[in-house]
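Report on the structure given below.
A, B, ... follow the sequence lines: proteins, then strands. Residue 1 opens every chain.
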Amino acid sequence: MARRYQPREFEAKWQQAWQERGQYRTEDELTKPKFYCLDFFPYPSGAGLSVGHAKNYVPTDVYSRFKRMNGYNVLHPMGWDAFGLPAENEAIQRQVPPRVSTARNTANYKRQMNMMGLSYDWSREINSSDPEYYRWTQWFFLLLHRRGLAYRAPGSQWWCPVCKTILANEQVVNGFCWRHGDTPVQKKELEQWYFKITDYADQLLDDLDSIEWPAHIVAMQRNWIGRSEGAEVTFRVAGSGQPVVVFTTRPDTLFGATFIVLSPEHPLVDQVSTPQHRAAVQAYQEQARLASEIERLSTEREKTGVFTGAYAINPVNGEQLPIWIADYVLMGYGTGAIMAVPAHDQRDFEFARRFDLPIKLVYQDDAAPQDAGTMTQAMLHRGHVVNSGQFNGLADGPQAVDAFITWLEEQGTGKRRVNYRIRDWLISRQRYWGAPIPIVYCDRDGIVPVPEEQLPVLLPEIADYEPSGTGRSPLANLPEFVNTTCPACGGPARRETDTIDGFGCSSWYFLRYPNPHDTVAPFDRQLIDYWLPVDTYVGGAEHAVMHLLYARFWTKVMADAGLVNFREPFARLRNQGVIYGSDGHRMSKSRGNVVTPDEVIETYGADALRCFELFMGPFEMDNFWDEDGPKGQFRFLHRVWELAGSHPAGGGGDSPAVLRLLHQTIQDVTERIEDFRFNTVVSKLHELLNALERQGCSGDTVDTLLLLLAPIAPHLTEELWSERHPGEGSIHSRSWPVCDPALLVADTCPLVIQVNGKVRDTLQTSRDLTRDDAEALARASERVQRFLDGHAVQKVIFVPNKLLNLVVS
RNA sequence: CCCGGGAUGGCGGAACGGCAGACGCCGCGGACUUAAAAUCCGCUGCCCGCAAGGGCGUGGGGGUUCGAAUCCCCCUCCCGGGACCA
């Protein structure tokens, strides 16, 4: 075997052989231990895959291969998130119908994935824009509808003027469209379908404790759900007695309220404003309406607001508080009205100072007494209650809050209340490229769900699919689609023409892979019970709220409907880091800094690409692409090739040192793959190779090295294995090497000798040396003596088989 | 402003509280070659020194410890996320 390592001579050959013999087809052997390793399914972009995508797919492929070799029945599938805004926007931009571009792009993705040697079971490939798939997306819509979790409501919602559709709150980022970072969203009034995710807010929060997810993703979900506990308190408008209900998390500061603030959109504003203030109020409302979301959200901005002329009566002490309106109070949260306690809330404090409103302390800190007239910021969570009647003296804390709420409830002027930041999920899209919402409107029967047996509601193939901007989907222009008969009465009726948000498709796809071609149900219960939940789920952190929150929500709905026996779909989540171009920017076609797997494979082969993707840094860390990086991995693989060539299979007779290193490597590599520390897995294999080249080894040891390398470099190892073990089948069907702990123990070990914590010598000593023997050896060392000279040893620190530290004066 | 994660050679990064810089890239020197590429071998944190050797070194300052990149406190800077949510 004098051939040099030329990956292009055999990589494609093995890819084809694996495909033909179904090497990675997953069988439903329900008695074997299972492992479900899933990648976020991508939307197939026309730009194809970059080396950045491989940072996700290579590690999960290595992990899946590792799990297979360890005896697991592994489900490692791939599919296409083909419906939705990203795919459709790109199709419009390129002037290719989305059905056509999707087919073209998925074929390209699949080609690239195969070229990287990814071991997906392609017999389970799914595509969310396939009627056989979206039929069941529609089915889940009906399930949610049946369970009272899908409803239609009018409302002023976020509209992207470029996408020409309404967006979910989650899809609005700092006031901009999630697909267009430079396009401010606008409000538009439309009738829309919502999913009642708010019903599940507490569960979505509580169950975060039961899953193994990155801390920052968990934190983002908590933050998005935004639970806060407090009370609703009813004030009365002086004169009319109209109720003004406010939400507060600090009912314990009620006596300190000095004014009330309504959101400019609050319905009471028109009713309470007095004639002499009306003009100013309306001007302010108009100004607030025109202000962009970005302007309103800015915390830098100085507080603005106007007085309505009206007063409200504080239920705890009868004081009359002026009612103001200000845009720092949001209509969408709580009740859209607040009681302002400037002494103990920073925003209220700033507002009070700006408009010269009174500040009243109801907590005081004896250690650092505050003065309402001179304080420069609100006093938060300190001291004890003052100026509050029977509550005076209570220490700041939950007990004080409870005491106030109990009292409010007794008086009938307030009640305990939990508020959430999360809103219901708006799923209507005025767009073509999605699953039609399976609803029919009938003059007689109203809103009628399409019966299950009539699914799918097919998305018609049309020439003019571009969004019109009228607030209606292009489907509305198709009489043959719109006009139908009412499933209830058989009379004439109209179809809903909006489509389901693409995130609906991705909220259940992980349930489809176990039985992807099921024609009678979305999934097979027995297979779901075996395969789910997903054991390891891997993808980018950009889905921290949207997809991951929605998928958790649907799973809980299904669990409540008795369809599945688990409440969390993804037991363990990992986020791979981002690979930036060598220019430091995100890879993008417009910047021209995209590196494709194709070009790297062309030069160095798929295995070198795979090694470098793993080696370049910790799995979850961001990194810059180094075009020379794969070169080093190519050299490594080349040396493995040479070593195998000079050490045919068989042998034995390795030195204890070689066996020790080999088994230490087995142990380390096994642990580290399990921990997703792939960069050090590759290093460990480098180190092993370096040592084997220097110290010599048997063919058996080379075989073990190949087995350890098999998940990482599947082509090279397959090629070498087939030559070394003809007729014995694929290396990828072999078992993972097992570490023999007995071989890890050495007769001698290096003992580090320190003087005052500084290393002065390293002695090769026999194992399990006693403290006294070690000290004697250390004192005998000339290098050590130099530093002991003239000093008395005061203390000796001894760590057996490792270290001796002599502490001198 | 709040939350999360960081800061280690020219670069990417290693390192159960115990030999800092593993492994790799780049660079330098050498072998092979008519030559180059490829490949292989050696060197490669900084300072002093011919060398042996010594000193200094993990963003800055303090602390705990026999011993700190690692643990604690303070500060600076960078990245990600959130941000008037009452």
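Heavy atoms of N419(A) sit nowhere under 4.0 angstrom from any nucleic acid atom. The residue F351(A) sits apart from the nucleic acid: no heavy atom pair falls under 4.0 Å. Residue M621(A) is classed as a sugar-phosphate contact, given heavy-atom separations below 4.0 Å to backbone atoms only. Residue D348(A) is classed as having no contact, given no heavy-atom separation below 4.0 Å to the nucleic acid. Using a 4.0 Å heavy-atom cutoff across all strands shown, R694(A) reaches sugar-phosphate atoms only and no base atom. Nucleic acid contact class of R222(A) (heavy atoms, under 4.0 Å, all strands): none.
The aromatic ring centroids of W641(A) and F634(A) lie 6.0 Å or more from each other.
Interface remark: the K303(A) side chain does form a donor-acceptor pair with the C84(B) base, using a distance-only criterion of under 3.5 Å. Between the base of G24(B) and the side chain of Q633(A) there is no donor-acceptor pair shorter than 3.5 Å.
The side chain of N679(A) lies closest to G13(B) when the candidates are A15(B), G13(B), G67(B). Closest to the side chain of S683(A), from the set A86(B), A22(B), C19(B), is A22(B).
We find that NZ of K758(A) is positioned 14 Å from C1' of G18(B), with the value rounded to whole Å. The nearest whole Å value for the distance from the CD atom in Q221(A) to the C1' atom in G4(B) is 15 Å. Remark: P of A83(B) and OH of Y333(A) are 13 Å apart, rounded to the nearest angstrom. We find that CZ of F612(A) is positioned 10 Å from P of G13(B), with the value rounded to whole Å. E642(A) places its CD atom 16 Å from the P atom of A38(B), with the value rounded to the nearest Å.
Side-chain N/O atoms of Q667(A) and E671(A) include no donor and acceptor closer than 3.5 Å.
Checked against ring pair (Phe, Tyr, Trp, His ring centres under 6.0 Å), Y200(A) has the following partners two or more places apart in sequence or in another chain: F553(A).
Below 30°, between 30° and 60°, or above 60°: for F619(A) and F676(A) the angle between ring planes is above 60°, a perpendicular geometry.
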